[in-house]
Amino acid sequence: MAKIINKGSIKFKILSVVLFSLFLLTFALGYFSFQFSKNRIVMMLGDSLKGISAAIAGLTSAEDVSFILQNAEVIKRSAPATYDRNNDAGLISPRRLDENIGSSRPSAEGPKALYDKYCSLLSDIKKINKIDSSINIYMASGNRLWMTLTSEPAYLVGASYIMRPEAGEALASNSARTTGIYKDKDGSWISAYAPGGKLPLQDKRIMVEVNYSIDSYIRILRSELGIITIICVVGFIIVAFISYHL
C-alpha cells in the first residue's frame, strides 16, 4: 500500500528552512556591515589622531611644561576662570608640584604668558584639524598624568588623573597609541596618546592627549544599518511569498 505524503507538511518544512536561512543571512549581513564600518572609522581616525598627537609632542618643551606646572597657582590666580575642583586627587600646592614634577628651568616669559602661548597653539591646531573635543598636554609621572595645558577655556593646570592603559603603552613603546572606541557619560570617543620630551635626570615626560567625539559617526552608522535592515526585511517578505508558492 502506497504511503500517503502530506504535501502541506513538506511545503511548511521547506518554507521554514528557507526563511530561517534568510533570517540568518540578513542578521549576519547587518552585523558584519556595522562592525566593518566601525573598524574602518577606528583605523582612519586613529591614524589621523596619532599623527596629530605626535606632532604636538614634538612641538612642546618638557622644561616649559614643568615651569608651567610649578607656577600653576600663579596662573590660576591671574586668570580666575573655572577649573576642575573635582578631579580624583584634587588641586595640589606648589610644594607638592615641586615634589612630584621636579625643578624647572627659568623662563624668559612669565608663566601666564607661556601658558597662553601654548593654549593658543593647541586651539589653532584643534580648529585646523576640525577637532571638536579637547587636546591636552600632561606631565607623566609614575601612573599619574598632571594636567598642564588644554585647548579648552578652562584652567585645569595642576589637576592630577590616573593614567589610561593606552597612555602607559605609549610611554613604554615610545610611540603614539589610540584607545579604540570607548563610552562615558558624554558619549562615544576615540583618544590618542603620544609621549614627548623628558626632563633631564628625571623619570618624567610629556604626554599629549587628543580626544575625538564620534557620536555623529555612530549616528550615521546606525542610520545606514536601519536602511540595510529595511531592505533585508522587504527582501525577506518577497522571498517568503515566492518560496511559499514554489
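The first residue in the sequence is number 1, and the count goes up from there. Source: prediction; values computed, not measured.
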*What's the verdict on side-chain contact (heavy atoms from CB on, under 4.5 Å) for Leu149 and Val157, showing C-alpha distance, side-chain angles and the deciding distance?*
CA-CA 6 Å; Leu149 300 156; Val157 57; over 6 Å; no
*Are the side chains of Val208 and Asn136 in touch, meaning some heavy atoms are under 4.5 Å apart?*
no
_Main-chain N/O of Lys204 paired with Ser141 side-chain donor or acceptor, under 3.5 Å_ = no
*Sidechain N-carboxylate O distance under 4.0 Å for Arg219, Asp215*: no
*For Thr150 and Tyr115, which heavy atoms make the closest approach, and how far apart are they?*
CG2-OH, 4.4 Å
_Leu199 and Met139, any side-chain heavy atoms less than 4.5 Å apart_ = yes
*At what distance, to the nearest 0.5 angstrom, does CD1 of Ile206 lie from CG of Leu59?*
10.0 Å
*Is Trp189 reachable from Ile52 through a run of I, L, V, M, F, W or Y residues, each pair having side-chain heavy atoms under 4.5 Å apart?*
no
*Should Glu63 and Lys198 count as an ion pair when the cut-off is N to O under 4.0 Å?*
no
*Indicate yes or no: at least one non-hydrogen side-chain atom of Tyr138 is less than 4.5 angstrom from one of Ser160.*
no
_Donor-acceptor pair between Tyr193 and Glu209 side chains, under 3.5 angstrom_ = yes
*Search all heavy atoms of Glu166 against all heavy atoms of Arg177 and return the closest pair with its distance.*
O-CB, 3.7 Å
*Compare all side-chain heavy atoms of Arg205 with those of Asn174 and state whether any distance is below 4.5 angstrom.*
yes
*How far does CD1 of Ile125 sit from OG of Ser120, to the nearest 0.5 angstrom?*
10.0 Å
*Report yes or no: do Ser213 and Asp132 form a side-chain donor-acceptor pair below 3.5 Å?*
no
*Enter the distance from Thr148:OG1 to Asp64:CG here, rounded to the nearest 0.5 Å.*
10.5 Å
*Would Val74 and Lys112 satisfy side-chain contact (heavy atoms from CB on, under 4.5 Å), going step by step from the backbone distance to the final call?*
CA-CA 8 Å; Val74 174; Lys112 182 61 169 58; over 6 Å; no
*Ala194 versus Ala57, closest heavy-atom pair with distance*: O-CB, 4.1 Å
*To the nearest 0.5 Å, tell me how far Ser151 OG sits from Ile56 CD1.*
8.5 Å
_Euclidean distance, Arg144 CZ relative to Ile162 CD1, rounded to 0.5 Å_ = 5.0 Å
*asked:* Has Ser66 got a side-chain atom pairing as donor or acceptor with Ala62's backbone, closer than 3.5 angstrom?
replied: no
_Nearest non-hydrogen partners of Ala167 and Met207, listed with the distance_ = O-CE, 3.4 Å
*asked:* For Phe67, is there any backbone N or O sitting under 3.5 Å from a side-chain donor or acceptor partner on Asn71?
replied: yes
*asked:* As an exercise, state the distance from CG of Leu45 to CZ of Arg40, rounded to the nearest 0.5 Å.
replied: 11.0 Å
*At their closest point, which heavy atom of Lys126 faces which heavy atom of Glu152, and how far apart are they?*
NZ-OE2, 2.7 Å
*Residue pair Leu49, Ile190: steps toward the side-chain contact (heavy atoms from CB on, under 4.5 Å) verdict*: CA-CA 9 Å; Leu49 296 178; Ile190 294 177; 3.8 Å; yes
*Specify the closest pair of heavy atoms between Ala192 and Ser53, including all atoms of both residues, with the distance to one decimal.*
CB-OG, 4.0 Å
*What's the verdict on side-chain contact (heavy atoms from CB on, under 4.5 Å) for Asn211 and Ile135, showing C-alpha distance, side-chain angles and the deciding distance?*
CA-CA 6 Å; Asn211 300 306; Ile135 300 176; over 6 Å; no
*asked:* Given the ring of Tyr182, does Arg164 sit roughly above its face, with NZ or CZ under 6.0 Å from the centre of the six-membered ring and within 45° of the axis?
replied: yes
*Distance-only, no hydrogens or angles: does the Asn129 side chain make a donor-acceptor pair with backbone N or O of Ile131 under 3.5 Å?*
no
